[in-house]
Amino acid sequence: AVHVSVVDADVAGSLLKVVKGVYAPAVLRNDAWPRSVKDELSAHTHRYLAGLTERAHELRGETVLYVPEEPSLLFLTTARRGDTTHDASTRDAIESEIEHAARDEELTRRLESVVIHWTRQIREVVRETDGGESGADRYGGGGAHAAGRDVTNETAGKSRGVAEEDASDGPLAEVAFWHSRARDLAGIARQLDDVGVDAIVRVLRKARSTYLEPVLGLRLLVASELS
């Protein structure tokens with residue numbers, strides 16, 4: 001098959017669409033390969049997509065959590081926890097799917113890898129306000145909030161006018177930082193309540209994964225920051 005696509009100025013975003021929409025499904029849904037080969041390729045695919053998703057949205061000033069489209073979790077994404085419309089047989093089927101997924105060691109390893117990536121992403125956003133720096137100082141620092149801003153205030157030979165303009169930009173940068181951070185935290189909170197994230201949490205909780213608690217703690221911290 002021949003695939004044709006257009007790559008625009010948003011190179012990372014264009015690449016993400018192609019890989020996630022064309023190549024990743026071909027890997028994740030291929031049942032013709034030996035199990036060991038498919039497991040290894042799936043793990044590499046998820047790691048690559050997690051990094052690419054982070055980078056593509058970081059350039060837009062957003063923190064987006066990559067949620068893997070694992071065939072084993074499709075049923076769980078349509079059956080959210082606490083939905084009172086499920087009858088007893090559906091609830092039993094859900095628990096059976098969770099149990100089956102939790103016993104799949106390769107699957108749980110892949111999910112743990114994704115959760116570790118989430119934990120690092122969320123920590124970077126939350127700790128941007130730690131320490132003694134002002135929001136204006138950090139606005140050009142790491143994390144999603146730094147996207148699109150080239151901070152080179154110490155560049156030799158910079159004119160006095162530019163220096164004065166940068167100095168007067170402090171309060172505005174402070175306000176911009178806090179607005180950006182609030183939007184980012186609200187977006188993270190919504191994503192952590194997503195059915196795909198919920199399915200992963202349920203499987204890893206059943207598997208008693210030690211990598212789950214840090215991200216659950218961060219979910220509570222994000223909710224606290226927004227309250």
| message | Using 0.5 Å steps for rounding, measure from the CZ atom of R202 to the CD atom of E97. | response | 11.0 Å
| said: Are the side chains of D194 and D198 in contact, using a 4.5 Å heavy-atom criterion? | reply: no
| Shortest non-hydrogen contact from A101 to T108? | O-CG2, 3.7 Å
| field | R91 and E95 ion-paired at < 4.0 Å | value | no
| message | Quick check: do K38 and L28 have side-chain heavy atoms less than 4.5 Å from each other? | response | no
| query | Closest approach of R205 and L212, non-hydrogen atoms and distance? | reply | N-CD2, 3.6 Å
| message | Closer than 3.5 angstrom, by distance alone: can the side chain of S224 be matched with the main-chain N or O of L220 as a donor-acceptor pair? | response | no
| Are Y66 and H46 close enough that some pair of their side-chain heavy atoms sits under 4.5 Å apart? | yes
| said: Would the distance check show the side chain of S180 and the main-chain N or O of F177 forming a donor-acceptor pair, the cut-off being under 3.5 Å? | reply: no
| request: Give a yes or no on whether I116 and V126 share a hydrophobic cluster (residues Ile, Leu, Val, Met, Phe, Trp, Tyr; joining criterion: side-chain heavy atoms under 4.5 Å apart). | output: no
| About how many Å separate CZ of F75 and OG of S96, when rounded to the nearest 0.5 Å? | 9.0 Å
| message | Do P68 and L111 have side chains that approach each other closer than 4.5 Å (heavy atoms only, starting at C-beta)? | response | yes
| said: Can you tell me how far apart OG1 (T119) and CD (E124) are? Round to the nearest 0.5 Å. | reply: 11.5 Å
| field | Least distance between heavy atoms, R29 atom then P71 atom | value | CG-CG, 4.4 Å
| Are any of the side-chain heavy atoms of E225 and R181 separated by less than 4.5 Å? | yes
| Side-chain donor-acceptor pair present, T63, Q121, cut-off under 3.5 Å | no
| So if you build clusters from Ile, Leu, Val, Met, Phe, Trp, Tyr with side-chain heavy-atom gaps below 4.5 Å, do L221 and L185 land together? | yes
| said: Taking the side chain as everything from C-beta on, heavy atoms only, tell me whether V37 gets closer than 4.5 Å to P34. | reply: yes
| message | One pair to check against side-chain contact (heavy atoms from CB on, under 4.5 Å): K17 and V22. What are the steps and the verdict? | response | CA-CA 8 Å; K17 290 178 183 177; V22 179; over 6 Å; no
| field | Closest approach of K20 to P25 (non-hydrogen atoms, all atoms of both residues) | value | O-CD, 3.2 Å
| task | Give the minimum heavy-atom separation between G13 and R60, together with the two atoms involved. | result | CA-NH2, 3.9 Å
| message | Test of understanding: clusters of I, L, V, M, F, W, Y form through side-chain heavy atoms closer than 4.5 Å, transitively. Do V215 and L226 belong to the same one? | response | yes
| query | When rounded to the nearest 0.5 angstrom, what is the spacing between CD in E106 and OG in S36? | reply | 9.0 Å
| field | Step-by-step salt bridge (charged side-chain N to carboxylate O under 4.0 Å, His left out) determination, D104 to R109 | value | CA-CA 9 Å; D104 187 334; R109 286 196 190 99; over 6 Å; no
| said: To check you understand the geometry: which heavy-atom pair defines the closest contact between R47 and S113, and what is its length? | reply: CG-OG, 3.7 Å
| Distance from T53 atom OG1 to L65 atom CG, nearest 0.5 Å? | 9.5 Å
| message | I want to check something: taking the side chain as every heavy atom from C-beta on, are V64 and E54 in contact at a cut-off of under 4.5 Å? | response | no
| Counting heavy atoms not belonging to H44, are there more than 12 under 6.0 Å from its NE2? | yes
| Do you know which of L204, L216, V197 makes side chain to side chain contact (heavy atoms under 4.5 Å, CB included) with V115? | L204
| message | Between L16 and H57, is there a side-chain heavy-atom distance shorter than 4.5 Å? | response | yes
| side-chain contact (heavy atoms from CB on, under 4.5 Å) between R103 and K206, worked out | CA-CA 9 Å; R103 287 199 302 265; K206 177 66 73 173; over 6 Å; no
| task | Verify the cluster assignment for Y211 and V203: are they in a single hydrophobic cluster under the rule of side-chain heavy atoms below 4.5 Å apart? | result | no
| request: Run the numbers on I122 and R219 for side-chain contact (heavy atoms from CB on, under 4.5 Å), then give the verdict. | output: CA-CA 9 Å; I122 299 170; R219 180 163 65 180; over 6 Å; no
| field | Between CZ on residue R110 and CD1 on residue I200, distance to nearest 0.5 Å | value | 11.0 Å
| Does one hydrophobic cluster hold both L41 and V19, with members joined at side-chain heavy-atom distances below 4.5 Å? | no
| request: Any chance you could lay out the side-chain contact (heavy atoms from CB on, under 4.5 Å) test for L49 and Y23, step after step, and finish with the verdict? | output: CA-CA 11 Å; L49 280 173; Y23 298 108; over 6 Å; no
